[in-house]
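This chain uses plain numbering: 1 for the first residue, then up along the sequence. Computation of the quantities below employed the complete heavy-atom set of this structure, encompassing side-chain atoms and omitting hydrogens, waters and symmetry-equivalent molecules.
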Amino acid sequence: MFTAIDFIPSQYSQILESGHFQWSAPSNIALVKYWGKKDNQIPANPSVSFTLNNCKTITKLAFDKKSISTALDVTNEFSFDLLFEGKPKEDFKPKIQKFFERIEIYLPFLKDYHFTIDTQNTFPHSSGIASSASGMAALAMNLMSLEKALNPTMTEDYFYQKASLLARLGSGSACRSVKGQVVVWGNQANIEGSSDLFGVEFPYTIHENFKNYQDTILLVDKGEKQVSSTVGHELMHNHPFAERRFEQAHENLDQLIAIFENGNLEEFIKIVESEALTLHAMMMTSMPYFILMKPNTLEIINRIWKFRTETQIPVCFTLDAGANVHVLYPNKDKESVLQFIKDELVGYCQNGQYLCDEIGNGATQLE
């Protein structure tokens, strides 16, 4: 098991003047939620997520080595241009600057190059789908490709674990978007190899019921989030129910180990929906307090419950820290659930918009 210090390189065997890489990385949806963090993007509790397939960020990283005179300049700083869908995106740059500052200890070559970061999403901009996880994961994969070119003896395990560690330092949940269909992040006694430093593929048996699991994302509110994730996590400090919540996350993750093996969808639904509502309950009971759901979110939840009772189809919901609803269901029930969504739920979506997704495998190098 790698520790943080293992990811700090001593020297590189190769020299690279210029080049480019391109990776795609998907978003993910947590089943057991990560909410609350310690210093340096360490989670207060472990989480587990489904990696998505269609909602992803595609990022091309071009790099050119600076001249010696530039590199020796005492004012030398990180140098990069940031393009979103081919156009300069200045308001994204502070986040990348902060990311580079956090990861420089792990990638000491960062100030040796000028980077051009060209990024785009496969899902609509401002659709209400968080792009920080997919975006930071895609950027981390590109940076690791550059480091692997500088150090070709790097192992695959090291490559992916360090990519996940770097992604985490950009956006906590991004570490779950690097590799694997079901990914665990955070120390969990009963899950071998689990770590606070990076996400790991769920190491145990996963029942056929969860293969090609579907996630249809209902876009209830595409506006800017009422409260940022960073602020939301901070509200867990001194929260009256925080410690019990962290214990609950460990307990639910333990239960999911057995559920993933035996395929018990009824128990799966209980944990996933409870986790979603607990996340929102923590926000409603923080100080200051927030209600992140919209009236249409509640309408959708009630209609899902009614449909499930009437049909016995194991469809359920989960939520991120916002109003949009992820509708989760087995692949075998896809036709019935999509018809239900079209007939009863689309009217509660902003402009009738929803996205169809399913479990995917993580980041992919495109060239």
Side-chain angles (χ1 to χ4, degrees), residues 27-49 91-99 101-102 125-136 168-176 185-186 196 217-253 271-302 317-326 348-350:
S27 190
N28 65 76
I29 181 64
L31 308 172
V32 170
K33 306 293 183 181
Y34 140 65
W35 201 243
K37 61 186 175 185
K38 305 170 189 174
D39 290 341
N40 211 25
Q41 298 285 88
I42 297 296
N45 67 265
S47 57
V48 64
S49 61
D91 55 337
F92 280 10
K93 290 187 78 171
K95 189 165 188 177
I96 303 299
Q97 173 74 24
K98 188 174 182 180
F99 177 51
E101 290 168 3
R102 284 177 173 172
H125 183 50
S126 299
S127 66
I129 303 299
S131 58
S132 57
S134 55
M136 286 300 178
R168 184 198 97 232
L169 292 171
S171 173
S173 59
C175 75
R176 301 190 307 243
W185 171 38
D196 286 343
I217 306 158
L218 307 182
L219 303 179
V220 173
D221 182 15
K222 303 197 302 176
E224 189 173 333
K225 287 198 292 188
Q226 182 183 348
V227 57
S228 73
S229 295
T230 300
V231 171
H233 288 295
E234 288 297 317
L235 293 174
M236 292 299 285
H237 293 297
N238 302 316
H239 194 294
F241 310 127
E243 289 308 314
R244 180 65 194 108
R245 161 59 200 152
F246 301 148
E247 292 170 4
Q248 179 196 44
H250 283 277
E251 292 161 6
N252 284 341
L253 189 45
I271 288 176
V272 168
E273 291 189 342
S274 169
E275 277 283 322
L277 294 174
T278 298
L279 167 61
H280 283 254
M282 298 308 285
M283 289 299 289
M284 284 190 274
T285 51
S286 65
M287 187 61 71
Y289 39 80
F290 296 91
I291 297 178
L292 303 181
M293 289 187 268
K294 300 291 186 184
N296 282 0
T297 309
L298 293 171
E299 287 289 348
I300 288 169
I301 290 171
N302 279 306
F317 72 88
T318 189
L319 309 164
D320 273 334
N324 298 327
V325 182
H326 290 250
Y348 297 109
C349 299
Q350 191 171 341

Just to verify, what does His280 make a side-chain hydrogen bond (donor to acceptor under 3.5 Å, both in side chains) with, not counting sequence neighbours? none
Suppose we screen for side-chain contact (heavy atoms from CB on, under 4.5 Å). Which residues come up paired with Pro295, at least two apart in sequence or across chains? none
Counting heavy atoms not belonging to Leu298, are there more than 12 under 6.0 Å from its CG? yes
Residue pair Ser171 / Ser132: nearest heavy atoms and the distance that separates them: OG-OG, 3.3 Å
Within the structure provided, determine whether Leu235 and Phe290 are in side-chain contact (heavy-atom separation under 4.5 Å). yes
Any side-chain heavy-atom pair of Leu218 and Ile300 under 4.5 Å: yes
Restricting to side-chain hydrogen bond (donor to acceptor under 3.5 Å, both in side chains), what partner residues turn up for Lys37, sequence neighbours left out? Gln41
Looking at every non-hydrogen atom in both residues, tell me the closest pair between Ala133 and Asn28 and how far apart they are. CB-ND2, 4.1 Å
Residues passing the side-chain contact (heavy atoms from CB on, under 4.5 Å) test with Gln350, sequence neighbours excluded, are Asp221, Lys222
If you define the side chain from C-beta out and look only at heavy atoms, does anything of Lys33 sit under 4.5 Å from Thr318? yes
Could you give me the CA-CA distance, side-chain angles and deciding distance for Tyr289 and Met283, then say whether side-chain contact (heavy atoms from CB on, under 4.5 Å) is met? CA-CA 6 Å; Tyr289 39 80; Met283 289 299 289; over 6 Å; no
If you take all heavy atoms of Leu169 and Arg102, which pair is closest and at what distance? O-NH1, 2.7 Å
Among pairs that include at least one residue of residues 237-249, which meet side chain to side chain donor-acceptor pair (under 3.5 Å), considering only residues two or more places apart or in two chains? His239-Thr285, Arg244-Glu247, Arg244-Glu251, Arg245-Gln248, Arg245-Glu275
Test of understanding: with side-chain hydrogen bond (donor to acceptor under 3.5 Å, both in side chains), list the residues that count as partners of Ser229, not counting sequence neighbours. Lys225
Kindly determine whether Ser47 and Arg176 satisfy side-chain contact (heavy atoms from CB on, under 4.5 Å), including the steps that lead there. CA-CA 9 Å; Ser47 57; Arg176 301 190 307 243; 2.8 Å; yes
Are the side chains of Leu319 and Leu279 in touch, meaning some heavy atoms are under 4.5 Å apart? no
Is there a side-chain contact between Lys294 and Asn324, using heavy atoms and a 4.5 Å cut-off? no
Output for pair (Leu277 CG, Met293 CE), nearest 0.5 Å, gives 6.0 Å
Output for pair (Asn252 CG, Asn45 CG), nearest 0.5 Å, gives 10.0 Å
Are the side chains of Phe317 and His326 in contact, using a 4.5 Å heavy-atom criterion? no
Nearest 0.5 angstrom please: Leu253 CG to Leu31 CG, how far? 9.5 Å
Output all residues satisfying ring-ring contact (aromatic ring centres under 6.0 Å, His included) with His233, sequence neighbours left out; order by chain, then residue number. Tyr34, Trp35
Test item: Thr297 side-chain N/O and Ala323 main-chain N/O as donor-acceptor pair under 3.5 Å: yes
With sequence neighbours left out, the residues meeting side-chain hydrogen bond (donor to acceptor under 3.5 Å, both in side chains) with Ser173 are none
Give the minimum heavy-atom separation between Ala249 and Pro46, together with the two atoms involved. CB-O, 4.1 Å
Quick one: does Tyr348's side chain get under 4.5 Å of Glu299's, heavy atoms only? yes
For Ile42, check side-chain contact (heavy atoms from CB on, under 4.5 Å) against everything at least two apart and list the hits. Lys38, Arg168, Asp196, Leu197
Sub-4.5 Å side-chain heavy-atom contact between Trp185 and Pro43: yes
